[in-house]
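Step one of this worksheet: look at the structure below.
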Protein chains: 2
Amino acid sequence: MKASDKVKHRTDMISSALRSAILERVLMPGMKLPEDSLGERFGVSRTLIRQSLERLAAEGLVELRRNKGAMVAKPSLEEARDLFELRTQIEDLVISRVIKNMSPELLAELEAHLAKEVAAEHASEPISIRLATEFHILLAKLSGSPVLLRYVEEIGYRCGLTLSLYARPHSTDCGIQEHRQIIEALKTGDEETARKLMRHHLTAVADRALFTTEEGGPLLYLDALEPYAKKVRDGGA
Amino acid sequence: MKASDKVKHRTDMISSALRSAILERVLMPGMKLPEDSLGERFGVSRTLIRQSLERLAAEGLVELRRNKGAMVAKPSLEEARDLFELRTQIEDLVISRVIKNMSPELLAELEAHLAKEVAAEHASEPISIRLATEFHILLAKLSGSPVLLRYVEEIGYRCGLTLSLYARPHSTDCGIQEHRQIIEALKTGDEETARKLMRHHLTAVADRALFTTEEGGPLLYLDALEPYAKKVRDGGA
DNA sequence: GTATAATTGATTGCATGCAATTTCGCCACA
DNA sequence: TGTGGCGAAATTGCATGCAATCAATTATAC
């Protein structure tokens, strides 16, 4: 019975695929996302596409305008600043909760993740960005608060999207070294230091996002989506 | 053109109606929400009902289980505690932002709202609960951060739902007096006091929610929804 | 009499169809 | 050359239909 509850809806797969595509800069901000083109690609009807788009809209990754369809969100600089500021404050909450819950098992999880990051250090950029994001999400998971986890996820994703608009392509968005230091501080239970490190870590990322880039028209160029769609069509996770 | 953007979808109206019904304890936690009964009541097809339910599920007010339909969420005590704890921390962020933005206009808005609360002091319980919730939401609005606003809304709603499960029916959930004191502290720019007051205010509410009530089966009793549905059918906001 | 299997009824998952709205190309006209 | 309007194509908003799944109840065996 629980197994059947765990069955993922196709909607989940599609929104995950689209989310990945957005975060990996395959779908750039401003691109149009017509329901039936997407439906064709993913091999499903507009119904499911629409659901996925609505979900992503709730996360702030796509904008949905009445009778005008969906497009990848294009956060303004102001929104971006708000987002990054909130992020540091929210992750502050994460830190203090993780410290409260600290345990050897928990530490092991963190270090396992760090190891993955190190292993992928010279892999492709999208992968290392994803891993870096997942470090923050892992921390949120370990905070023990489902709601906090959701917020960190959402803000993290949106910050990632923002970076694809305002940051130059190949900045190492999250230093592995910094992650290591944070884990170190958590290990010794030094909340103050951990917070400071995290704050520094995040503002460093934010500060790199100060470039105002010129406007580009809303393009429609979904071919790059193909690999993501294929996975869903083939029933992948 | 902007006007057309502001047109509310019927989905918005329906989810608002359902949200109100839940928060005003017309739909109690655990009640089943079948798509077609609701569709009939609201005079729309299952399509729109489904969208609304999904939106409410994203907010945590409704639980959605595969092939089993929707029901009003029934947060566990543990989830409730998490929610209330997070709420105090999130509203801390609100306070410090509002203090930064403080201005006479802003103060006027707050006092106008307080006046409304006073005026409705002896009105029906649902109304005063709603106004009390809206005080917190107004503060979040004045914080200037759209994302923070969304989070405060969501957490506020979910706390309201929780109270309908665990608190005794007629506790004055938010003291008007306490709201007044908070405004006072904000006026003088005393962040420390404002925070302390808010924290005290919120934990007072949370502590009233310590009663474990016995289990009730998932009922289906939608007749009480009628007034909410009527408004939507008639095209009201 | 209890337990298990099979059938029926209710409810959701998803696709499709039609009407309404928007967008875009085209042509007239200043 | 640039601008305004008009019609066709594209796209969304919503309802409905059918298949799949789940819940409940009856039937059957032990």
Side-chain angles (χ1 to χ4, degrees), chain A residues 1-18 27 30-58 62-72 217-222 225 229 232-233 235, chain B residues 1-18 27 30-58 62-72 217-222 225 229 232-233 235:
Chain A
M1 298 196 177
K2 278 185 179 175
S4 78
D5 276 353
K6 276 189 184 174
V7 172
K8 275 208 171 191
H9 301 222
R10 272 188 284 175
T11 303
D12 290 326
M13 301 199 274
I14 294 170
S15 12
S16 297
L18 288 175
L27 298 175
M31 275 178 73
K32 282 200 71 181
L33 302 170
E35 292 174 1
D36 41 8
S37 331
L38 290 175
E40 224 171 297
R41 287 216 170 260
F42 284 97
V44 299
S45 82
R46 293 192 296 127
T47 309
L48 297 192
I49 299 295
R50 176 184 281 263
Q51 279 186 1
S52 307
L53 289 176
E54 253 156 40
R55 203 173 295 184
L56 294 175
V62 313
E63 272 167 40
L64 219 50
R65 277 171 317 178
R66 183 177 176 82
N67 281 324
K68 291 216 217 147
M71 61 181 232
V72 180
L219 281 179
L220 171 58
Y221 195 66
L222 294 180
L225 236 191
V232 171
R233 284 200 307 271
Chain B
M1 300 195 177
K2 280 185 179 176
S4 79
D5 276 353
K6 277 189 183 173
V7 172
K8 276 207 169 190
H9 301 221
R10 271 187 285 173
T11 303
D12 291 325
M13 300 199 275
I14 294 170
S15 13
S16 298
L18 287 175
L27 299 175
M31 275 179 71
K32 283 200 69 179
L33 301 170
E35 292 175 0
D36 40 9
S37 329
L38 290 175
E40 224 172 296
R41 287 219 170 256
F42 283 97
V44 300
S45 81
R46 294 192 295 127
T47 309
L48 297 191
I49 298 295
R50 175 183 281 261
Q51 280 187 3
S52 306
L53 289 176
E54 253 156 41
R55 203 172 295 184
L56 294 175
V62 167
E63 270 168 41
L64 219 51
R65 275 171 318 179
R66 183 176 176 84
N67 282 325
K68 289 218 222 145
M71 60 180 232
V72 180
L219 281 179
L220 172 57
Y221 193 66
L222 294 180
L225 236 191
V232 171
R233 285 200 307 271

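Order of the sequence lines sets the chain letters (A, B, ...), proteins ahead of strands, with each chain counted from 1.
Atom pair B:His9:NE2 and D:dT12:P shows a separation of 13 Å (rounding to whole Å applied). In this structure, B:Met71 atom CE and C:dT11 atom C1' are separated by 16 Å, rounded to whole Å. Counting to the nearest Å, the P atom of C:dG13 and the CZ atom of A:Phe42 are 20 Å from each other. Computed from coordinates, the B:Arg65 CZ to D:dT21 P distance equals 18 Å when rounded to whole Å. Rounding to whole angstrom units, CZ of residue B:Arg66 and C1' of C:dG13 are separated by 7 Å. Rounded to whole Å, the distance from CG on A:Leu33 to C1' on D:dT11 is 13 Å. Distance, B:Glu35 CD to D:dA15 P: 13 Å, rounded to whole Å. Protein atom CG of B:Asp36 is 16 Å distant from nucleotide atom P of C:dG9, rounded to whole Å.
Put simply, A:Arg10 has a side-chain N or O that comes within less than 4.0 Å of OP1 or OP2 on C:dC14. Of the side-chain N and O atoms in A:Lys68, none sit less than 4.0 angstrom from OP1 or OP2 of D:dT11.
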N/O to N/O distances under 3.5 Å, protein versus nucleotides 5-10 of chain D:
none

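Taking every heavy atom of both residues into account, B:Ala17 and B:Phe42 meet most closely at CB-CE2, 3.9 Å. Closest heavy-atom contact between B:Leu56 and B:Ser15: CD2-O, 3.9 Å. Here the shortest heavy-atom pairing between B:Arg10 and B:Val44 reads NH1-CG1, 3.7 Å. A:Leu38 and A:Leu225 make their closest contact through CD2-CD1, 3.5 Å (heavy atoms, listed as atom of the first residue, atom of the second, distance).
If you check C:dC14, C:dT23, D:dC14 against the side chain of A:Thr11, the one that comes closest is C:dC14. With D:dT12, D:dT16, C:dA15 as the candidates, the nucleotide lying closest to the side chain of B:Ser45 is D:dT16.
Taking the side chain as every heavy atom from C-beta outward, B:Ile14 and B:His9 never approach each other to under 4.5 Å. Looking at heavy atoms from C-beta onward, B:Arg55 lies out of side-chain contact with B:Val62 at the 4.5 angstrom threshold. Side-chain contact check for A:Arg50 versus A:Thr47: every heavy-atom pair is 4.5 Å or farther apart.
For the segment residues 47-56 of chain A, residues with any heavy atom less than 4.0 angstrom from an atom of DNA chain D are, sorted by number, A:Arg50.
A:Arg46 comes within contact range of at least one nucleobase, with a heavy-atom separation under 4.0 Å.
Comparing A:Asn67 and B:Ala70 against DNA chain C, the residue whose closest nucleotide sits nearer the 5' end is B:Ala70.
The distance from atom CG of B:Leu53 to atom CG of B:Leu18, rounded to the nearest 0.5 Å, is 6.5 Å. Here the CE atom belonging to A:Met13 is positioned 9.5 Å from the CG atom belonging to A:Leu48, to the nearest 0.5 angstrom.
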